[in-house]
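To find a chain, count down the sequence lines: A is the first, B the second, and so on, and within it residues start at 1.
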Amino acid sequence: MNSSVHIKEEVAGSERPLLEIKNLAINFATSNGEVNAVRNAHLTVMPGETVAIVGESGSGKSTSALAAIGLLPGNGRVAAGEILFDGEDIAHASEKRMIELRGNSIGMVPQDPMSNLNPVWKIGFQVKETLKANGLPSGPEDVAKVLSEAGLPDAARRAKQYPHEFSGGMRQRALIAIGLSCQPRLLIADEPTSALDVTVQRQILDHLDKMTSELGTAVLLITHDLGLAAERADKVVVMYKGQVVESGPSLELLRNPRHPYTKRLVSSAPSLASRRIQVAKEQGVESDELLAPTEPVVVESALPEEVLKVEDLTKVFKLRGGIGKTTDFTAVDSVSFSVRRGTTTAIVGESGSGKSTVAQMVLNLLEPTSGKIIFDGVDTSTLNSRDLFKFRRRVQPIFQDPYGSLDPMYNIFRTIEEPLRTHKIGTKASREKKVRELLDQVALPQSTMRRYPNELSGGQRQRIAIARALALDPEVIICDEAVSALDVLVQAQVLNLLAELQDNLGLTYLFITHDLAVVRQIADHVCVMQKGKLVETGSTDDVFDNPREAYTQALLDAIPGGSLLLPPEVA
Amino acid sequence: MATYILKRFLQLIPVFLGATLLVYFLVFSLPGDPIAALFGDKPVNEAVAAKLRAQYNLDQPFIVQYLLYLKSIFTFDLGQDFSGRPIAAVLGEVFPVTARLAVMALIFEAVFGIAFGLVAGLRKGKLFDGTVLIASLIVIGIPIFVLGFILQFFIGVQLGWAKPTVSAAATVQDLILPAIVLGLASFAYVLRLTRTSVIENMNADYVRTATAKGLSRFRVINVHILRNSLIPVVTFLGADLGTLMGGAIVTEGIFNVPGVGNRLYRAVLSGEGPTVVSIVTVLVLIYCLSNLLVDLLYAWLDPRIRYDS
């Protein structure tokens, strides 16, 4: 990585940059007039170089990249500046010229593999039309070649399938195949793996690296994960609120961040934090110091009671086959674990591993096929409706999507007050007092009460979801991917909040997540699930330091930033 | 797929029995004596009336009449209408006319509705879009018989561009104006549906990806926007074919088209049970079949939908 940075400096005088963005400003027309999305942005990508743009959502990173391929949404326009592609200003190029450039000069791999393939056309057709539009041979064998180069096994047969017959990882491979099929000189990869599981993410990125270095393609990588950017790119450009705040060679930027925002990003990126702990351990530094606010001290000698115990939990779904035929699908296969009061247990696994199904059964939202869930000494399946009502008061969920789990028609006061009203707790005045307290607890101003979910940011909404869950003074909180939809900085804040609340209120968390980096920051115990089975359990330190299962090792390896050589004092 | 189609055909049996029974019962319960009405102003000749009642089984209780009717269907002899013509021949005369009218209306609404809807959707918020939206609202708002008379008067009588009424042969040329009137309301719906669907698909991620691949604007629209947008439209059109067949009564009345609607109206007025039931049953079957066709088309257009996996 150092060497490529070097090369860039050597050739800077002799070689022309492939992409050069100068003073770029992008405006969006909204009902409130023009909004400035990107201001005064500068960026240079040399031929064959990988440059990452890092920033949180709304920072203008995707907008800048889309402008470079002429795909700004209808209400967006380049207000000022130049986008030079191989010396030619394409900021105001004609649509005809852009069509010529797209595909064979500038390719794109989009973010979400689920929505970026047309569901009504076969994969092969979608590859073929790309080749054809760019004047390349497009016979079935050419299509199969392109797909197999992107790492799709059995490509000739796969080409005849539709997108819905592909998994997320396979779809992303197909999209990479399309993006690189015409061997463009520049590839814009917009969060190419953020929608995928970590292990798949690693495979895809490795493959993308390999292909682009073989083809000599320059890559403009858009990501919110600084760890991932530093690992994959020669140069990193940090964007914040529409402006480039810092840029430079990846490792240099990671080691000596100058701008306050970059410093915050470096200190809170979960992948880097996890890596820091590991480095610190290897060098004999106590990890407690690095993680002081988030890791509660568990005294091993006086183990707290088991508040939740899951025994041989199994869930079998009946999948509909043809007429009268059903096939059994075992989503959760005799899973047993226990959760001690006041601790955090994380269930980790890829999508489809059954972790969310476990959460739903523990919440008593889904009936287990067999097995027991014992909460505070009582089997939850024996509860009658009145006891179940009481159970719900003691066990509360926080769900993944802060946009979907708040009723848009309820203001915040009503959202948080609703569980109190449902359980007939207190008077109107005392309930309002409680809501105010809860808002204080989650560090939101009390004035938030009168606002509606759509007026709040993702992080604020998740705080509301936490406040709502806390309203009934529960003992156990089930967090189902509670921070997965949040930007890294917000994620760090919410995790800190959860840790503080645990210290103050003695809460027990069951944390469902696919993100091992987050697990390392918050959990005391880890249960690793794969294909419905519990493959490994243990304390977080044990699992991270001495993973017994190959699967756990693969998950750990997949955390971005793992290959970075990072001193522990970097933050 | 074959099992699915077979299943759908088997479902037609209870639909057929239920529809015939219900319609037969409704006609049976109509007030007034259809035989007495046949005599018009002349005094009723009891002997002749009794003979006619026996001929049309009107002297039997309801359920016997119904079963006799079912038997006649399965022996392919539908009996005669009150003027003595075989009902089968009447059906063979009126259905082709209405089918021609309905198919012409369907082609009109599909071609123009989709074309206008596509252009309006692609130019969302522009002048064309606004004009077309307002015009379509007007068409939906005005009752079909008003539109029918207005077009008949101006285009047929004043301007003489088309024949104001239809000849006994009901040729394609005769039916152009009635078909436009019949398809006008659905045309407005197809237009709006296509427009909404196009706008939704235009902003889809896969359309952006298609553009990023270097495809021409024409290909992006045709291959990626239009086909996906047609899925809901086709569903509407298929269901509409059945509605057009049965719903042509008003239009056929205005333009004097010798089709199903006209004949059905007369049969209801004169209480000709077997004729009414025969026509309605064929309409019900057409409706069911066109729905089946829609479901099959739907699976063809959207590969995510499969009926037997």
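Under a 3.5 Å cut-off, the side chain of A:W121 and the backbone N or O of B:V223 do form a donor-acceptor pair.
For B:F112, the CZ atom counts as loosely surrounded, since its 6.0 Å shell holds 12 or fewer non-hydrogen atoms of other residues, nucleotides or ligands. Atom OH of A:Y162 sits in a crowded spot, with more than 12 heavy atoms from other residues, nucleotides or ligands closer than 6.0 Å. More than 12 non-hydrogen atoms from other residues, nucleotides or ligands lie less than 6.0 angstrom from CZ of B:F128. Residue B:F25 places its CZ atom among 12 or fewer non-hydrogen atoms of other residues, nucleotides or ligands, all under 6.0 Å distant.
Interface remark: of the candidates A:A133, A:S115, A:C182, A:S115 forms the most heavy-atom pairs closer than 4.5 Å to chain B. Among the candidates A:L66, A:I69, A:L71, A:I178, the residue making the largest number of heavy-atom pairs closer than 4.5 Å to chain B is A:L71.
Only the backbone of A:I106 has a heavy atom closer than 4.5 Å to any heavy atom of chain B. For A:N134, the part lying near chain B is the side chain, with the backbone staying farther off; criterion is any non-hydrogen pair under 4.5 Å. Using a 4.5 Å cut-off between heavy atoms, B:R304 touches chain A through backbone and side chain atoms alike. Looking at B:L301, only its backbone comes within 4.5 Å of chain A, counting heavy atoms on both sides.
The nearest pair of heavy atoms linking B:P303 to A:P119 is CG-O, 3.3 Å.
Scanning residues 94-105 of chain A against chain B with a 4.5 Å heavy-atom cutoff picks out A:I99, A:R102, A:G103, ordered by number. Within residues 205-216 of chain B, the residues that have a heavy atom under 4.5 Å from a heavy atom of chain A are B:D205, B:Y206, B:R208, B:T209, B:T211, B:A212, B:K213, B:G214, B:L215, B:S216, listed by number.
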- For the pair A:Q126 and B:H224, evaluate side chain to side chain donor-acceptor pair (under 3.5 Å) and give the outcome as yes or no after the intermediate values. CA-CA 10 Å; A:Q126 300 190 46; B:H224 292 279; 5.2 Å; no
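Looking at heavy atoms from C-beta onward, B:N203 lies out of side-chain contact with A:P73 at the 4.5 angstrom threshold.
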